[in-house]
Asker: 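Please read through the structure below; I'll follow up with questions.
Index from 1, following the sequence.
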Amino acid sequence: RGFARVEPKNKRYFMTDDGQPLPLLGECCCWHGKAGTFDFDKWFADYEPNGMNYTRLWMCPWAFGVEIVKEERLNYNQKQAWQLDYTMQLAADKGIFIMLCLDYHGIFNVKPDMWGANNWWPKHAYNQVNGGPCASQNEFFTHPEALKLYRKRLRYMVGRYGAYPSLMSWQFFNEINNVFRFLKPKDVVAWHDQMAQWLAQNDPYQHPRTTSFGSKGEHRPMWKLDSMDYANWHLYLNWAGHYRHPAAMAEDVATRFTRNYGKPVSISEYGTSGKGWEPEIDPQLRGLQQAVWGGIMAGTSGTSMPWWWEKMHAEKIHAKLWMPLAKFLEGTGFG
């Protein structure tokens, strides 16, 4: 079917190069566990029979990241690069599209967070104490040498992964606003515009470009950039502010983002709880069902993408959530 594209007329959904609509039916599946890529053999096997076609991967220190610590600067981690090769090809074989997140906010933290980890800046390859060019986290986004290093990594990513039909889009960061206390938001936005324009000029496959913000985060200057092809929204109900029901949240996000930015929006992280799987607060999966169906029915580019994928696969809930929706949409030309 070719690569994924933003539908050019209404710019609310995605399509493939053959002109067919591409409603995105998926979940986060961001990294493997102790089994390595064998986990994706198991998890991706649940996708096709349940009508699922979309997931999200992180390039992070423990899975798929190629340039995180000192010794990896311009000496990309080939074990983790191979694991990404394997997973991208497996997804292509199964008709799964991937939002590939190139970095995550934890590379800028200096102290462990609520999870007791995600404090990689002291070890990071671009940190001056490790021989890199950056005296501070914000210089990742401003220092000429850091920009040069990052463009080299982007060039490598395009060369190694750009041709996979499973690569739906490039996502520069996961939840970059979580570490705005170390950064200047204007510099972060300018960096995204610069790197997205570089990809537009150098990615021959023209994959869509995006980034993301933490729960309830939006930062309008980012989504107003023409170089950002679509927007992302993350939300967990226990951190949801005024939202009480997932379907109402999806409707509000779809309406507001379409009006304000004129581009597709994906609810690319969702959970009834951000603290853990906690099935006791959603024993009949009503919160998950509202999010999965509500996202696509309210006008976002696909289903909301739940977190806690390991638990969901272990409990075999995909047939309850995605299969009925996939059957409902089949043959409708939705989007």
Side-chain angles (χ1 to χ4, degrees), residues 7 10-14 21-29 46-47 50-56 97 99 175 210 212-218 223 230-309 311-313 315-335:
E7 185 277 313
N10 296 311
K11 296 184 178 180
R12 292 193 67 163
Y13 303 101
F14 289 89
L22 180 63
L24 299 170
L25 311 182
E27 62 174 353
C28 288
C29 209
D46 292 333
Y47 277 53
N50 293 308
M52 300 170 68
N53 63 5
Y54 186 45
T55 194
R56 179 170 173 248
F97 290 87
M99 182 197 306
E175 301 191 348
T210 189
S212 73
F213 298 100
S215 203
K216 297 182 290 180
E218 185 172 341
W223 300 133
Y230 71 107
N232 282 281
W233 175 266
H234 292 182
L235 186 125
Y236 295 87
L237 278 185
N238 60 310
W239 301 323
H242 67 282
Y243 294 118
R244 292 292 178 266
H245 302 287
M249 174 273 296
E251 191 277 336
D252 180 61
V253 169
T255 301
R256 181 159 45 86
F257 274 65
T258 300
R259 179 185 66 239
N260 291 344
Y261 310 118
K263 59 186 66 173
V265 58
S266 170
I267 300 173
S268 54
E269 271 192 36
Y270 170 80
T272 48
S273 172
K275 298 177 181 179
W277 174 232
E278 297 188 351
E280 66 276 5
I281 68 172
D282 189 21
Q284 298 177 8
L285 303 181
R286 293 174 63 199
L288 277 177
Q289 186 178 35
Q290 280 195 33
V292 169
W293 282 69
I296 200 163
M297 292 301 175
T300 75
S301 58
T303 61
S304 299
M305 300 178 72
W307 197 257
W308 315 122
W309 60 92
K311 296 291 187 180
M312 291 195 297
H313 283 276
E315 297 188 19
K316 303 289 184 184
I317 69 171
H318 297 79
K320 301 176 185 178
L321 295 176
W322 281 273
M323 185 193 295
L325 177 59
K327 288 183 177 180
F328 185 88
L329 295 176
E330 189 175 353
T332 64
F334 190 92

Asker: If we check side chain to side chain contact (heavy atoms under 4.5 Å, CB included) with Thr303, which of these qualifies: Leu25, Leu24, Ile267?
Answerer: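 With Thr303 as partner, side chain to side chain contact (heavy atoms under 4.5 Å, CB included) holds for just one option, Leu25.
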Asker: Please verify the inter-ring angle class for Phe257 with Trp223; under 30° counts as parallel, over 60° as perpendicular, anything in between as tilted.
Answerer: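 Because their plane-to-plane angle lies in the 30° to 60° range, the rings of Phe257 and Trp223 count as tilted.
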Asker: Does atom CZ of Phe328 have more than 12 heavy-atom neighbours from other groups under 6.0 Å away?
Answerer: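 No.
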Asker: What is the minimum heavy-atom distance between Gly299 and Ala254, and which atoms define it?
Answerer: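 Nearest pair, atom of Gly299 first, then Ala254: C-CB, 3.7 Å.
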Asker: Heavy atoms, side chains only, cut-off 4.5 Å: are Tyr230 and Lys11 in contact?
Answerer: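 Not touching, per the 4.5 Å side-chain cut-off.
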Asker: Which value, rounded to the nearest 0.5 Å, describes the distance between Glu269 atom CD and Glu27 atom CD?
Answerer: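 It is 12.5 Å, given to the nearest 0.5 Å.
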Asker: Ignoring hydrogens and angles, tell me if any N or O in the side chain of Asn232 forms a donor-acceptor pair with the backbone of Ser268 under 3.5 Å.
Answerer: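 Looks like no, no N/O pair under 3.5 Å.
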Asker: Please list all pairs passing the side-chain hydrogen bond (donor to acceptor under 3.5 Å, both in side chains) test where one or both residues lie in residues 278-291, with sequence neighbours left out.
Answerer: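 Listed once each, the pairs are Ser273-Glu278.
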Asker: Quick check for you: to the nearest 0.5 Å, what is the distance between His234 atom NE2 and Ser215 atom OG?
Answerer: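 That separation rounds to 9.0 Å.
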Asker: Between Trp233 (side chain) and Val253 (backbone), is there a donor-acceptor pair under 3.5 Å?
Answerer: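 Checking the backbone N and O of Val253 against the side chain of Trp233, no donor-acceptor pair under 3.5 Å is found.
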Asker: Among residues at least two apart in sequence or on other chains, which ones pass ring-ring contact (aromatic ring centres under 6.0 Å, His included) with Phe97?
Answerer: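 Checked Phe97 against ring-ring contact (aromatic ring centres under 6.0 Å, His included); zero matches.
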Asker: May I ask you to decide if the ring planes of Trp322 and His318 are parallel, tilted or perpendicular, using 30° and 60° as cut-offs?
Answerer: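 Plane angle under 30°, so parallel.
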Asker: Hey, does Ile296 have a side-chain heavy atom less than 4.5 Å from the side chain of Leu329?
Answerer: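 Yes - at least one pair of side-chain heavy atoms lies under 4.5 Å apart.
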Asker: Minimum heavy-atom separation for Met99 and Tyr54, please, with both atom names.
Answerer: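 Residues Met99 and Tyr54, closest heavy atoms: CE-OH, 2.9 Å.
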